[in-house]
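Below is one structure; the comments refer to it alone.
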Amino acid sequence: MMTKLIRIGTIYVPVLDVDFSAAWYEEKLGASVNYKDKEKAIVDLANVSVFLVKANRNQSANFKDNQGNECFSATFEVDGEEELVALHKDLREKEVKTGAIEDRGHPGRNFVFFDPDGNMFDVWSELSRNSQK
């Protein structure tokens, strides 16, 4: 029997100020801070451990595609478009930098948001097959 990868357990996000970022993730996104020292904080968010790792200025988890467009490295899911709209509104009310809700030509709609260090994340209104089980 072949062993399979079953989920992503941890993602690493570069941040400039660990204390500030941990508080931001907790206040703005509802994350729970499980550990924190001078070099990193571990927060639980959307059933994933997110390591906020102290990094140098101008670092982010973003990358550019072959056409020069800045891309996110993680997509969070919500259960339906109503939840997507409600989350988008909530983040805007908390003064989180967000993009517009978009129709990208596939099922569901999306929007992006940014943490204080410029790390871009995506939110999608559909649930992947595995999360529906």
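Side-chain atoms of Ser125 come within 3.5 Å of backbone N or O of Arg109 as a donor-acceptor pair. Lys40 contributes no side-chain N or O that, together with a main-chain N or O of Lys54, makes up a donor-acceptor pair within less than 3.5 Å. Put simply, the side chain of Asn119 gets close to the backbone of Ala61: a donor and an acceptor are under 3.5 Å apart.
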Cut-off 3.5 Å, no hydrogens considered: what does the side-chain donor-acceptor table look like for residues 3-20, sequence neighbours left out?
from, atom 1, to, atom 2, distance (Å)
Arg7, NH1, Asn47, O, 3.2
Asp17, OD1, Asp19, N, 3.1
Asp17, OD1, Phe20, N, 2.9
Asp19, OD1, Lys36, NZ, 3.4

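Looking at heavy atoms from C-beta onward, His106 lies in side-chain contact with Trp124 at the 4.5 angstrom threshold. A heavy-atom distance below 4.5 Å is found between the side chains of Val96 and Trp24. Taking the side chain as every heavy atom from C-beta outward, Asp117 and Ser21 approach each other to under 4.5 Å.
Atom CG of Asp65 is separated from atom SG of Cys71 by 4.0 Å, given to the nearest 0.5 angstrom. The CG atom of Asn110 sits 3.5 Å away from atom CZ of Arg104, with the distance rounded to the nearest 0.5 Å. Within the model, atoms CG of Leu84 and CD of Glu77 stand 11.5 Å from one another, a figure rounded to the nearest 0.5 Å. Here Glu81 contributes atom CD and Asp103 contributes atom CG; the two are 8.0 Å apart, rounded to the nearest 0.5 Å. In this structure, CD1 in Ile101 is found 12.0 Å from NZ in Lys89, a value given to the nearest 0.5 Å. Here Phe114 contributes atom CZ and Ser60 contributes atom OG; the two are 9.5 Å apart, rounded to the nearest 0.5 Å.
For Lys97, the NZ atom counts as loosely surrounded, since its 6.0 Å shell holds 12 or fewer non-hydrogen atoms of other residues, nucleotides or ligands. By the neighbour-count criterion of 12 heavy atoms within 6.0 Å, atom CG of Asp37 is densely surrounded, having more than that number from other residues, nucleotides or ligands. Environment of CD in Glu93: crowded, with over 12 heavy atoms of neighbouring residues, nucleotides or ligands closer than 6.0 Å.
Ion pairing between a basic and an acidic side chain is recognised when a charged N comes within 4.0 Å of a carboxylate O; Glu70 and Lys64 show no such pairing.
Residue pairs meeting the ring pair (Phe, Tyr, Trp, His ring centres under 6.0 Å) criterion with at least one partner in residues 73-93, sequence neighbours excluded, are Phe76-Phe121, His88-Phe111.
Nearest heavy atom pair, residue Asn62 against residue Met120, reads OD1-N, 2.8 Å. Nearest approach of Ile42 to Ser49, heavy atoms of both residues: CG2-CB, 4.3 Å.
The residue from Thr98, Val123, Asp122, Thr75 that alone fulfils the side chain to side chain contact (heavy atoms under 4.5 Å, CB included) condition with Val112 is Asp122.
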Working for side chain to side chain contact (heavy atoms under 4.5 Å, CB included), residues Leu91 and Leu29: CA-CA 8 Å; Leu91 292 177; Leu29 302 180; 3.7 Å; yes
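A continuous path of ILVMFWY side-chain contacts below 4.5 Å connects Val78 to Leu45, so both sit in one hydrophobic cluster.
Every side-chain hydrogen bond (donor to acceptor under 3.5 Å, both in side chains) that Asn34 has, sequence neighbours left out, goes to Asp44.
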